[in-house]
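Ligands are counted one by one from 1 in listed order, and the atoms in each one are counted from 1 as well.
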Amino acid sequence: MKIVIVGSGLAGVTVAEALAKSARHEVTLVTAETHGYYSRPRLSHGFALSDEAAAKILMKRFDAFPASVRIRAGIEAWLIHREKRHLVLENGEVLGYDVLILATGSASRIPGGLAAFRPDFHTLNSLDDLLTLRRRHARARGRGKTPRWAVVGGGLIGCEVASDLHRAGDSVTIFHRETRLIELQLNAEQSQALHGHFAELGVEVRYGQDLNELPRPYDEVIVATGFAPRTELAKEAGLATARGIVANEFLRTEDPAIYAVGDVCEVGSRLYPFVSPIRSQALWLAEHLEGRAQTGWTPPPFTPVIKIHDFKVPAASAIS
Ligand SMILES: Cc1cc2nc3c(=O)[nH]c(=O)nc-3n(C[C@H](O)[C@H](O)[C@H](O)COP(=O)(O)OP(=O)(O)OC[C@H]3O[C@@H](n4cnc5c(N)ncnc54)[C@H](O)[C@@H]3O)c2cc1C
């Protein structure tokens with residue numbers, strides 16, 4: 001079969017590498033990325049690292065992939081012609097497929113009130129984002145200044161970023177819309193413990209901050225207010241989308257030739273935007289396409305890991 005995968009994050013790469021093992025299919029991976037495959041979870045701890053350690057976030061350059069996976073890197077997939085089973089790339093190139101896998105992941109979600117200020121703040125969603133932020137950090141340090149950062153969003157990623165910027169020696173203030181930190185994954189007692197940890201370090205947290213303009217005066221602002229699955233390709237092709245691309249338990253969209261996997265895939269009205277369920281989806285999908293998995297994908301039990309330096313989530317209460 002001709003299998004075309006869009007996206008080279010955890011989802012797309014895991015499917016591609018699993019399919020490459022059998023070498024029974026013609027696999028093409030299309031990606032907008034240029035560096036290679038990298039660990040997204042490590043991005044939020046990418047500030048305090050030496051240049052040498054930060055370089056290890058890039059786990060595999062595209063030229064190190066098995067020859068049986070054809071890689072089209074640094075290019076966007078623009079259009080799906082479902083009747084012809086064609087994927088059109090931004091340069092007009094057309095890739096025919098028997099099976100198309102959408103592993104397009106997610107972008108940073110920007111609150112409406114801040115959208116107008118987009119050129120003036122950063123997000124942390126890709127290796128390029130991290131490299132830009134590291135350059136800003138180094139430049140301020142080079143001028144003999146301690147950079148002052150505002151992190152908008154006190155959820156999982158905002159708190160991880162704040163913790164790492166502090167470790168890098170910078171000054172950090174968190175602006176959070178809610179009344180407690182990481183409210184989606186922590187209970188009230190655990191949020192309080194995290195607040196106490198940040199207070200001891202001198203990381204200020206301001207609550208109830210539903211911002212309509214950027215906080216001042218700070219050298220740099222990072223907005224970390226959630227993620228938005230990249231559903232555009234599917235939507236324009238007339239496939240059902242909700243928060244993500246709607247798929248059944250076989251990760252199949254309403255078009256039997258098109259599957260979705262990873263952050264972008266919504267199964268049973270749920271998204272699974274974490275490493276463990278995504279790896280499980282991707283390996284299951286490769287098995288399914290090899291004709292070995294006949295029953296649908298079921299989510300594995302998993303607990304999101306919270307990566308705050310020197311902070312252990314108190315065990316007494318359960319993480320939802
Ligand atoms: C800072 C940060 C920290 C995180 N920490 C953790 C953690 O500790 N634990 C955990 O479980 N999860 C964590 N996550 C979440 C986890 O990293 C993601 O759920 C996972 O990486 C998603 O993988 P994916 O392959 O679905 O999508 P992505 O990694 O988003 O990959 C999608 C790829 O598709 C490409 N693409 C999109 N559209 C197109 C197009 N039209 N044409 C070509 N290419 C396209 C993009 O360039 C990208 O390479 C973190 C996420 C972030 C951002």
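- Looking at ligand 1, you won't find any N or O of L233 less than 3.5 Å from one of its N or O atoms.
- Taking distance alone, with nitrogen or oxygen atoms compared against 3.5 Å, S44 stays at or beyond that limit from ligand 1.
- Side-chain contact between L95 and R70 is present, with at least one heavy-atom pair separated by less than 4.5 Å.
- Of the polar atoms of A77, at least one N or O is found under 3.5 Å from an N or O of ligand 1, judged by distance alone.
- For a threshold of 3.5 Å applied to N or O pairs, the pair formed by A32 and ligand 1 contains at least one separation below that value.
- Of the heavy atoms in S106, only backbone atoms (N, CA, C, O) come closer than 4.0 Å to ligand 1.
- In the candidate list D263, I5, D128, D263 is nearest to atom 19 (O) of ligand 1, counting heavy atoms.
- Taking any N or O of N125, backbone or side chain, none lies under 3.5 Å from an N or O belonging to ligand 1.
- A salt bridge links R40 to D263: one of the charged nitrogens lies within less than 4.0 Å of a carboxylate oxygen.
- Considering backbone and side-chain atoms alike, E76 places every N or O at 3.5 Å or more from each N or O of ligand 1.
- Rounding to the nearest 0.5 angstrom, the gap separating the OG1 atom in T253 from the CD1 atom in I258 is 5.0 Å.
- With respect to V151, the side-chain contact (heavy atoms from CB on, under 4.5 Å) criterion is satisfied by exactly one of V223, T173, L165, L124: L165.
- For A103, the heavy-atom gap to ligand 1 drops under 4.0 angstrom.
- The proximity of K307 to ligand 1, defined as any non-hydrogen pair under 4.0 Å, is limited to the side chain.
- Of the possible donor and acceptor atoms, one in the side chain of S163 sits under 3.5 Å from a partner among the backbone N and O of H309.
- Between K21 and E290 no salt bridge is recorded (no basic side-chain N to carboxylate O distance below 4.0 Å).
- Electrostatic pairing of D310 and R167 counts as a salt bridge here, judged by a charged N lying under 4.0 Å from a carboxylate O.
- For A11, a nitrogen or oxygen atom sits less than 3.5 Å from a nitrogen or oxygen atom of ligand 1, counting backbone and side chain alike.
- In this structure, the protein non-hydrogen atom closest to atom 31 (O) of ligand 1 is G9 CA, 3.4 Å.
- Contacts between R230 and ligand 1 below 4.0 angstrom, taking non-hydrogen atoms only, involve the side chain exclusively.
- Between H137 and W149, the ring-plane angle classifies as parallel under the 30° and 60° cut-offs.
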Y272 vs W297, test: ring-ring contact (aromatic ring centres under 6.0 Å, His included). Steps then yes/no. CA-CA 12 Å; Y272 292 90; W297 176 73; 5.2 Å; yes

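- Nearest to atom 52 (C) of ligand 1 by heavy-atom distance, out of I157, V15, L130, is I157.
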